[in-house]
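In what follows, chains carry the letters A, B, and so on, assigned in the order in which the sequence lines appear, proteins first and then strands, with residues in each chain numbered from 1.
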There are 2 protein chains.
Amino acid sequence: MATNKTQRVTMSDVARHAGVSRTTVSFVLNDKPGAAIPDETRRRILGAIDELGYRPNAGARALAAKRSGWFGLITEIVTGPFAAEVITGAQSRAWGDRRFLLIAASEGDPAQEAAALDQMLEHRVEGLLYATTWHRAVTLPKAVREVPTVLVNCYDSEGELPCILPDEESGGYRATRRLLDAGHTGIGFINLDPAIPAAIGRRAGYERALREAGITPDPSLVIPGWATADGAYTAACELLDRPAADRPTALFCGNDRMAMGAYDAIKERGLRIPHDVAVVGFDNQELIAAYLRPKLTTLALPFEAMGTKGVDMLAALAAGQPLDTHRVTIDCPLLERSSV
Amino acid sequence: MATNKTQRVTMSDVARHAGVSRTTVSFVLNDKPGAAIPDETRRRILGAIDELGYRPNAGARALAAKRSGWFGLITEIVTGPFAAEVITGAQSRAWGDRRFLLIAASEGDPAQEAAALDQMLEHRVEGLLYATTWHRAVTLPKAVREVPTVLVNCYDSEGELPCILPDEESGGYRATRRLLDAGHTGIGFINLDPAIPAAIGRRAGYERALREAGITPDPSLVIPGWATADGAYTAACELLDRPAADRPTALFCGNDRMAMGAYDAIKERGLRIPHDVAVVGFDNQELIAAYLRPKLTTLALPFEAMGTKGVDMLAALAAGQPLDTHRVTIDCPLLERSSV
DNA sequence: ACAAGGAAGTAACGCGCGTTATTAAAGCGC
DNA sequence: GCGCTTTAATAACGCGCGTTACTTCCTTGT
């Protein structure tokens, strides 16, 4: 209770107050195995801690123990729902190990990224998480080699660093499969930029699902679009304006914003969702998916799970254990709402 | 370059390599005023630092200097756009002072909040930012008194702690004024729960703007709603179904989700936005406001600015300077889009 | 009775660094 | 040559703590 603002309570104060040596206090605080401390002494010490309002100094402890207890997390943008989810996942997992997360944003600027990395290394992080907002290849400053590093939602071109990625292929498969199960056979796919991993993986899953259902994928049903509502609107128009026999009864969109555009195209034509045309999105942007009418069935990128898994792997690496898998993929769960 | 993974380079290594004492190295690193270091010596030391790849140990430095360099930021939810903006603002401002931000989420759970606070105090944060997602009164654990604390987007009932708040009144005024300027005289106000500060302040601003324009506020035009799209939909219906002479030509909504509901009500009646009915939202939830059709004119809560200002005030407090203002309010800027 | 072993506790070192006091050499006026 | 200041650099202490090695006292078995 009686904390002095100008002079923090130290372990020596506690020791003096309890009538023991500082070493003994340290032993009960870390309940050191092998140290025999009678209950009575322990109680006296804990009592003193309580009375004085003692708080261990994490920095000093780290210095003495040569363990900082820090993990670093570098991300492009702290704003934006994706990074926030990664942080949440990593944060909660780290907490369990009594570790703290050092968070920095690069804002896409290599200089800021380097500065952030420097700061982290000066704080002696024991591991580093490097997360991107969209699935792609990255090249990192060499300095990351000074510390165990795990990539989240990205991978390095050299393939040297362990990484955690969303399973785009199974995501594409699952979306398509859901539409097939609902009885659709003509399924249009408004894809992202076909050069990026997400587009490639999802298309592979899309085609695998079709083949499994005995349907030969029709390339003309796959339209690579700009990843915007307007781009998807145009793409959807193209698909919906095909001759009736050829017109898809379902649309699988590269992300939720694109699904918004598709919604507009569908509604404009007096068609109804999901009765006439079913729609599946991707990304699960709550603010869009949950407020569209009808609510959008979509796949979620497992950002939170990736953050958690990232800390998992870091903890293993920091403990010197070898990784079982160098490249981990995590499923994208399907969120059923009302558009299928 | 030649960093040894198993044994970090210390200042003593640098000193030995440069043929000087550790003290001298410390002096050039902090370029201590009063210490006369010839250029030649300085160069030798900097050279050694570079060659060995030395990085100061932030923890050890903090311990010796008795300055942790940390500020803490406790927020309810890391996810969600609001917290992210506060973090961005605080982060970037803190960076300039070579300070790092310790971020933790309470998830609305007092136990987690206390745990987070404990951790922060153990890390010897020199100041604490406590941010909420919506403007309201809070009561904090007593432990916050151990360190300078600034409240962001909230205030304590006892009024003891400095706080930074959005200027709800001027926000309400600005929104209403914008509609008046567009020629509207019957302005409906679908408010939030009338008991919360945001609702009270905005209504005051709304009425002030009306009076300034020579219009006596009509209480029946103000409908307190549930802060949801559905609630606002119902409220909008009520306003729009009034007899033609009495029907408002503009709606001011408590938040953007509510504006979505209002949009639906307006469109259902074959009315057009902004031609027949203008709409102003609040909160500037990008994903909603920017994608609604037409795009929504709305007011932004100044989260990022509040985060920045928060660190500003903390820096002053931590430096022992008195605060000029105990209670700071920050304007809510109007973002013009296409719904007015 | 005595050695052996455990129980309870402590002195002392070091973690990597900031800082103060002090020393050693060099410049300056006379 | 002598004092005196300035310049250049260092020894030594302490920050708060973890940890090792060591001491002292009490049991226990034979």
**Message:** Once hydrogens and angles are ignored, does a donor-acceptor distance under 3.5 Å link the base of D:dA11 to the side chain of B:T23?
**Reply:** yes

**Fill in**
Between CD1 of A:I37 and C1' of C:dA8 the distance, given in whole Å, is 8 Å

**Item:** Out of C:dG18, C:dC17, D:dA9, whichever nucleotide has its closest atom nearest the side chain of B:T41
**Value:** D:dA9

**Message:** Between A:R8 and B:E146, does any side-chain N to carboxylate O distance fall below 4.0 Å?
**Reply:** yes

**Request:** If the plane angle is over 60° it's perpendicular, under 30° parallel, otherwise tilted; pick one for A:H123 and B:W70.
**Result:** tilted

**Prompt:** What is the distance, rounded to the nearest whole Å, between atom CG of B:L52 and atom C1' of C:dG16?
**Reply:** 15 Å

**Fill in**
Separation of C:dG16 atom C1' from A:H123 atom NE2, nearest Å, is 14 Å

**Request:** Counting heavy atoms from C-beta on, name the nucleotide in D:dT20, D:dA9, D:dG18 closest to the side chain of A:K32.
**Result:** D:dT20

**Prompt:** According to a strict under-4.0 Å criterion, is B:T24 in side-chain N/O contact with OP1 or OP2 of D:dA9?
**Reply:** no

**Prompt:** Taking for each residue the nucleotide of DNA chain D with the nearest heavy atom, is it A:N57 or B:P38 whose nucleotide lies nearer the 5' end?
**Reply:** B:P38

**Request:** Using atom CG of A:L29 as one end and atom P of D:dT19 as the other, report the distance to the nearest whole Å.
**Result:** 12 Å

**Asked** Between D:dA8 atom P and B:R42 atom CZ, what is the distance in whole Å?
**Response** 11 Å

**Message:** Heavy-atom nearest nucleotide on DNA chain D for A:T10 versus B:R22: which residue maps closer to 5'?
**Reply:** B:R22

**Candidates D:dC17, D:dG18, C:dT10 - which lies nearest the side chain of A:V20** = C:dT10

**Item:** Spacing between B:L63 atom CG and D:dG16 atom C1', to the nearest angstrom
**Value:** 6 Å

**Message:** Rounded to whole Å, how long is the line connecting atom CZ of B:R8 with atom C1' of C:dC17?
**Reply:** 15 Å

**Fill in**
Checking C:dC15, D:dC17, D:dA8 against the side chain of A:K66 (C-beta onward), the nearest is C:dC15

**Prompt:** Distance-only, no hydrogens or angles: does the A:T329 side chain make a donor-acceptor pair with backbone N or O of A:R327 under 3.5 Å?
**Reply:** no

**Request:** Report yes if a side-chain nitrogen or oxygen of A:S26 is closer than 4.0 Å to either non-bridging phosphate oxygen (OP1 or OP2) of D:dG18; otherwise report no.
**Result:** yes

**Item:** Separation of atom CZ in A:F27 from atom P in C:dA11, rounded to whole Å
**Value:** 12 Å

**Under 3.5 Å side-chain donor-acceptor pair for B:T133 and B:E76** = yes

**Item:** Validation row: A:L161, A:L140 side chains within 4.5 angstrom (heavy atoms)
**Value:** yes

